[in-house]
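Each chain gets a letter, A, B and so on, in the order its sequence line appears, and its residues count up from 1.
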Amino acid sequence: MRIGYPCINRSIGCTPSSTFRLASYSPERLKATVEKNLTCLRNILRFNREAGLLFFRISSDMVPFASHPVCTFPWQERFGKTLSEIGLFIRKNRFRISMHPDQFVLLNSPREDVIERSIDELRYHAEFLDLMGLDTTAKIQLHVGGIYNDKSASLERFVTRYDLLDDSIRRRLVIENDEKLYSVTDCLGLYERTGIAVLLDTFHHSLNNTGEHIPDLLAPVRKSWKEKDGIPMVDYSSQQAGKRAGAHAGHINKEDFLSFLAETGTADFDVMLEIKDKEASAKTALVLARDDPRLVVRPGDPG
DNA sequence: GGCAGTCAAGTACGC
DNA sequence: GCGTACTTGACTGCC
């Protein structure tokens, strides 16, 4: 078990997801922004190594407009060397890496233009991980998509689309249950049909389920991750008091996290804390888990 | 320098 | 039908 947090770090004073408006696109601007983002990513990874936080989600904004027609700058060539250096650092320190394209990426849309843009965006994500030289345990996590007034037809479209994807994308793609439309059970059904691994989001599951308890889902979810995929990734969060159902907590709820560790027993996975204060809660989680035999690195271990 | 309005992209939902 | 929430920050133009 590794513990981590997504995309940004709130204490080291840089952001790895600087961007700019489409209207102000220029190759120079792109180059400068990617340079800045990569430098920050490096700093975050160093910070994480020292903190013992070995699971990290890389922001989709590393290369702004990467999949947009406006972007003709050969960022792959320009930054290939830097990316492979970062990848080496990642492999050397046994980090686990994920990426999570945002809500515009939909494989089951009935609209062909949406599908095309989505595949372009997935190609960018896969390319980014490939350039770092990461193996297929580095994943791109995606939700199943929309319902479009017909859930079974929409599931069917997902299967069809998934089968048509390039292997460079397919070998990294995993599906995550969402809080409203597609439950873990729906995702496991897609696994049965396509072989795609299922990323369990415990918080989404608490909001969208058909009565299954987390401990009962661990084995079927585990089964969907093959050896080449690595151990499962799990997203963890809890409800922010006083906000709409589904709002991510601002700080880790210690009791809730401890009971999550307890109810998952000896099942091994890497866990990502989707909590708003990012590395602060992740560090707390690491301390809370210090006696858990599943942990790869304990707090205070030399980095 | 500070502020408020706005930002590539899709979908579901409430009014 | 239209505006808004997702996730949330941070870019941008204006004062």
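A distance of about 15 Å separates the P atoms of B:dC13 and C:dT7, rounded to the whole Å. The C1' atoms of C:dA5 and B:dC7 are separated by 16 Å, rounded to the nearest whole Å. Rounded to the nearest Å, the gap between the P atom of C:dT12 and that of B:dA9 is 16 Å. Rounded to whole Å, the separation between the C1' atoms of B:dG5 and C:dT4 comes to 16 Å. On the P atoms, C:dG3 is 13 Å away from B:dT6, given to the nearest whole Å. A distance of about 27 Å separates the P atoms of C:dA10 and B:dT11, rounded to the whole Å. Going from the P atom of C:dG13 to that of B:dA8 covers 12 Å, rounded to whole Å.
Considering A:R2, A:R294, A:R94 in turn, A:R2 is the only one that fulfils the salt bridge (charged side-chain N to carboxylate O under 4.0 Å, His left out) rule with A:D270.
Distances shown here put a side-chain N or O of A:R10 below 4.0 Å from the OP1 or OP2 atom of C:dG9. In terms of phosphate contacts, A:R111 brings no side-chain nitrogen or oxygen within less than 4.0 Å of OP1 or OP2 of B:dA9.
Distances from the side chain of A:Y148 to the nucleotides B:dA12, B:dA9, C:dT7 place B:dA12 closest. Among C:dT7, C:dA10, B:dG10, the nucleotide with an atom closest to any side-chain atom of A:T15 is C:dA10. In the set B:dC7, B:dA12, B:dG10, B:dA12 carries the atom at the smallest distance from any side-chain atom of A:L181. Among C:dT12, B:dG10, B:dA8, the nucleotide with an atom closest to any side-chain atom of A:L22 is B:dA8. The A:L106 side chain lies nearest to B:dG10 when the options are C:dA10, B:dG10, C:dC11. Which of B:dT11, B:dG10, B:dA8 sits closest to the side chain of A:S109 comes down to B:dT11. Nearest nucleotide to the side chain of A:H68, out of B:dA12, B:dA8, B:dG10: B:dA8. Relative to the side chain of A:F65, the nucleotides B:dA8, B:dT11, C:dT7 differ in distance, and B:dA8 lies closest.
Taking the ring centroids of A:F65 and A:W75, they lie at or beyond the 6.0 Å cut-off. Taking the six-membered ring for Trp and the full ring otherwise, A:Y236 and A:F257 have centroids separated by under 6.0 Å.
The aromatic ring of A:F104 does not sit over the base of B:dG10, since the test of centres under 5.5 Å and planes under 30° is not met.
Residue pairs meeting the disulfide bond (SG atoms under 2.5 Å apart) criterion with at least one partner in residues 36-91 of chain A, sequence neighbours excluded, are A:C14-A:C40.
In this structure, NZ of A:K278 is placed 10 Å from C1' of C:dG9, rounded to the nearest angstrom. Atom CZ in A:R117 sits roughly 14 Å away from atom P in B:dA8 (whole-Å rounding). A:D235 has its CG atom 12 Å from the P atom of C:dT7, to the nearest Å. Rounded to whole Å, atom P of C:dT7 lies 5 Å from atom NE2 of A:H248. For the pair A:D150 CG and B:dT11 C1', the computed distance is 16 Å after rounding to whole Å. Per the geometry, OH belonging to A:Y124 stands 14 Å off C1' belonging to B:dA9, to the nearest Å. The nearest whole Å value for the distance from the CZ atom in A:R29 to the C1' atom in B:dC7 is 13 Å. A:N9 has its CG atom 15 Å from the C1' atom of C:dG9, to the nearest Å.
Here B:dC7 sits opposite C:dG9 as a Watson-Crick or G-U wobble pair (both hydrogen-bonding atom distances under 3.5 Å). Pairing for B:dG2 goes to C:dC14, judged as Watson-Crick or G-U wobble with the two contacts each under 3.5 Å. In this structure, C:dG1 and B:dC15 make a Watson-Crick or G-U wobble pair, each of the two defining distances being under 3.5 angstrom.
With respect to A:E35 and A:R42, no salt bridge is recorded, no charged nitrogen being found less than 4.0 Å from a carboxylate O. Salt bridge absent: A:D277 and A:R10 never bring a charged side-chain N and a carboxylate O closer than 4.0 Å. Here A:R57 pairs with A:D235 in a salt bridge; the nearest charged N to carboxylate O distance falls below 4.0 Å.
When heavy atoms are screened at a 4.0 angstrom cut-off, A:S118 is found touching no nucleic acid atom at all. Residue contacts shown for A:K180 are absent, as no nucleic acid heavy atom lies under 4.0 Å away. As judged by a 4.0 angstrom heavy-atom cut-off over every strand, A:S17 is placed among residues making no nucleic acid contact.
When each of A:C14 and A:A247 is assigned the nucleotide of DNA chain C bearing its nearest heavy atom, the one mapping closer to the 5' terminus is A:A247.
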